[in-house]
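Following: one structure in structure tokens, then a few remarks.
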Amino acid sequence: MPLRLQLRDDPAATASRPVSRNGLLAAMCACVVLVVGMVAAINLAVPMLAASDLHPSASALIWIVDTYVVFFACLVIPGGAAGDRFGRKGVLLTGLALFAVGALLSTIAPNVPFLLAGRAITGIGAAAVLPNTLAVLLHAVPAERKGVTIATWASMTGIGGVVGNVGGGAVLSGGSWRWLFAAAIPLSLVLAALVARIAPVSPRHDRPLSPLGAVLLVGASVALLLGIVEGPEKGWGSPIVLIGFAGSVVLFAVWTFVELKAEHPLLDPRLFRVPALRSACLGMTAIFFGMFALFYVNASFLQYGKGFGVLLTGLGIIPLTVPVILGARHVGKLVQRIGVDATVAIAFVFCGCGLLGLSTNDASTPYPVYAAWLVVTGIGVTLALPTLSAAISGSLPPAQAGVGAGLQATTREFGSALGVAVIGTVLTGQFVAALPADVRAAHDPHTVAQALATAPGRTPEVISAFVTSTSTALRVIGVSVLVLGALVVLQSRLSRNTK
């Protein structure tokens, strides 16, 4: 039977087909793992990309990682709203098709701009997929199962990152970064066929879309990351960096004005007057800021610093998932016993301290010590994801399920993009500063691959400079996560005390 990608769901096509809730949950979770896993998997390819015939600069490497995440983050709310209006199943199928097209373009990319275009299209597809997976599930399960379903779905966003590392490592062990994108094509098409067969139809809401708001949000986010990413190479006082930061402020202000004036905004800024929602969104952003900053550094640290192959590097992140796999189903009971604020506080302590512990590792540190700190970080992630996801979902009415899921994804992916941009920026700046003066003077290299090409006989010194910069970058991220966590808990406590 041919696969039909249609924006409007056809109730007659699925009404008579029995739907297995377990099968549906598995299919939706697989979609989540695919689109979230791609965020993490690309980090493993950074050393390959740096040494490839594309010859990307340090800032281009960050953009190759972040272009997907930016479009994912900024368009996921429009993706959820489109599902609410046109049919969640149809938009989900369209997203999987776009994901495959973008992966194909990335696979055959002859240069960096072409690769960035493919990454952008894949990100647009992911933005259509993620919110509608949760919306389809919430429509299909009974009320008493919604809490467990949300927790399972939220856990997949964490597990997806690790699956991306492990699966990406396996694929990249073939020797080319192009294989990573090639593997995503059949996966997305198989999932599209599965979704077309088993996903049920959900109600539609005829809310008008706001393309202007979506364009402004993408523009503001790209401008912000432009300032962060280009700073080390172009200089923090350079016109492009200043224009990036100034443009971001202006575009975010215009976006807020447009959304406040819109009769049916995609994301009403007034929603953030709800303390629980505001606190949970900040918390989700901070957790993913730390987690994906770690993924970005971990991939290069294990390959350059410890000499791991790409497959072993992908496997090296597995300890982070042990708490997620074993403990996610118990988090709800903990929240009932000690409360949301205490659970979130403990989560940030574990996550931040785990990152600080990882920053103490160097090339001579035994891997079991490194793995132990990954477990500590994983405990924090395990406590945070279902707790914060439930807080966001519980702050919005059922009719806004798609927008609510989109808001969760936006905070996660925007945090991921910021984490990669910030740690990539710190890493580049510290790496250049730690290089021997004569190596810097030769060609002013900004990546390990460039430095090794410039001074092929100075490998130990180049790797030492990179490991030093990795420690500094992880300390910056760890402290940032602890500070943001304190702000999240403080805001939540103050809002409760003023009621």
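Just so it is clear, the structure is predicted and the values come from calculations on it, not from any experiment.
The distance from atom CD1 of Ile477 to atom CZ of Phe289, rounded to the nearest 0.5 Å, is 3.5 Å. The CD1 atom of Ile62 lies 10.0 Å from the CD1 atom of Ile228; values are rounded to the nearest 0.5 Å. Taken from CG in Leu334 to OG1 in Thr343, the straight-line distance is 4.0 Å, to the nearest 0.5 Å. For the atom pair Trp255 CH2 and Ser221 OG, the distance stands at 9.0 Å (nearest 0.5 Å). The CG atom of Leu418 lies 11.0 Å from the OG atom of Ser480; values are rounded to the nearest 0.5 Å. To the nearest 0.5 angstrom, Leu282 atom CG is 6.5 Å from Gln491 atom CD.
Residues Arg412 and Thr285 are not in side-chain contact: their nearest non-hydrogen atoms beyond the backbone lie 4.5 Å or more apart. In this structure, the side chains of Cys74 and Thr410 stay at 4.5 Å or more apart for every pair of heavy atoms. Contact of the Leu49 side chain with the Ile42 side chain is registered, since non-hydrogen atoms from C-beta on lie closer than 4.5 Å. Using a 4.5 Å heavy-atom threshold, the side chains of Val381 and Pro323 count as separate. The closest side-chain heavy-atom distance from Leu355 to Val376 is not below 4.5 Å. Side-chain atoms of Leu217 and Leu75, non-hydrogen and from C-beta on, never get closer than 4.5 Å to each other. With a 4.5 Å cut-off on side-chain heavy atoms, Val420 and Val69 do not count as touching. Under the 4.5 Å side-chain criterion, counting only non-hydrogen atoms from C-beta, Ser471 is not in contact with Asn361.
No donor-acceptor distance shorter than 3.5 angstrom exists from the side chain of Asn132 to the backbone of Val129, with no hydrogens or angles considered. Gln303 contributes a side-chain N or O that, together with a main-chain N or O of Leu44, makes up a donor-acceptor pair within less than 3.5 Å. The backbone N or O of Ile121 sits nowhere less than 3.5 Å from a side-chain atom of Tyr68 that would complete a donor-acceptor pair. At distances below 3.5 Å, at least one donor-acceptor pair connects side-chain atoms of Ser279 with backbone N or O atoms of Val488. Put simply, the side chain of Thr428 never gets that close to the backbone of Thr425: no donor and acceptor are under 3.5 Å apart. No side-chain donor-acceptor contact under 3.5 Å links Ser300 to the backbone of Val297. In this structure, Thr365 contributes its side chain and Asp362 its backbone to a donor-acceptor pair below 3.5 Å. Side-chain N or O atoms of Thr382 include one that pairs as donor or acceptor with a backbone N or O of Val324 at under 3.5 Å.
In this structure, Phe292 and Phe288 have parallel ring planes: the angle between them is below the 30° cut-off, well short of the 60° mark.
Judged purely by distance below 3.5 Å, without hydrogens or angles, the side chains of Tyr296 and Asp66 never pair a donor atom with an acceptor atom.
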Trace of the side-chain contact (heavy atoms from CB on, under 4.5 Å) decision for Phe99 with Thr94: CA-CA 9 Å; Phe99 194 93; Thr94 302; over 6 Å; no
Might you work through the side-chain contact (heavy atoms from CB on, under 4.5 Å) test for Met28 and Val32, ending with a clear yes or no? CA-CA 6 Å; Met28 296 301 104; Val32 172; 5.7 Å; no
Val375 and Leu320: side-chain contact (heavy atoms from CB on, under 4.5 Å), yes or no, with the steps? CA-CA 5 Å; Val375 171; Leu320 183 73; over 6 Å; no
Which is it for Leu356 and Leu474 under the side-chain contact (heavy atoms from CB on, under 4.5 Å) test, yes or no, and what are the steps along the way? CA-CA 7 Å; Leu356 290 176; Leu474 283 172; over 6 Å; no
Check step by step if side chain to side chain donor-acceptor pair (under 3.5 Å) holds for Tyr370 and Asn298. CA-CA 10 Å; Tyr370 187 83; Asn298 171 78; 2.7 Å; yes
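For Gly314 against Val166, the heavy-atom pair with the smallest separation is O-CG2, 3.4 Å. Nearest heavy-atom pair, Val70 versus Ala417, reported as atom, atom and distance to 0.1 Å: CG2-CB, 4.3 Å. For the pair Leu388 and Met284, the tightest heavy-atom approach, listed with the atom from each and the gap, is CD1-N, 3.6 Å. Val35 approaches Phe72 most closely through the heavy-atom pair O-CE1, 3.8 Å. Among all heavy-atom pairs drawn from Ser106 and Arg119, the shortest one is OG-N, 3.5 Å. When every heavy atom of Val163 is checked against every heavy atom of Val33, the shortest pair comes out as CG1-CG1, 3.6 Å.
With a 6.0 Å radius and a threshold of 12 heavy atoms from other residues, nucleotides or ligands, Phe350 has its CZ atom at or below the threshold.
Side-chain rings of Phe301 and Phe466 stay apart, their centers remaining 6.0 Å or farther from each other.
Checked options Val39, Val65, Asn165; the residue passing with Phe295 is Asn165 (criterion: side-chain contact (heavy atoms from CB on, under 4.5 Å)).
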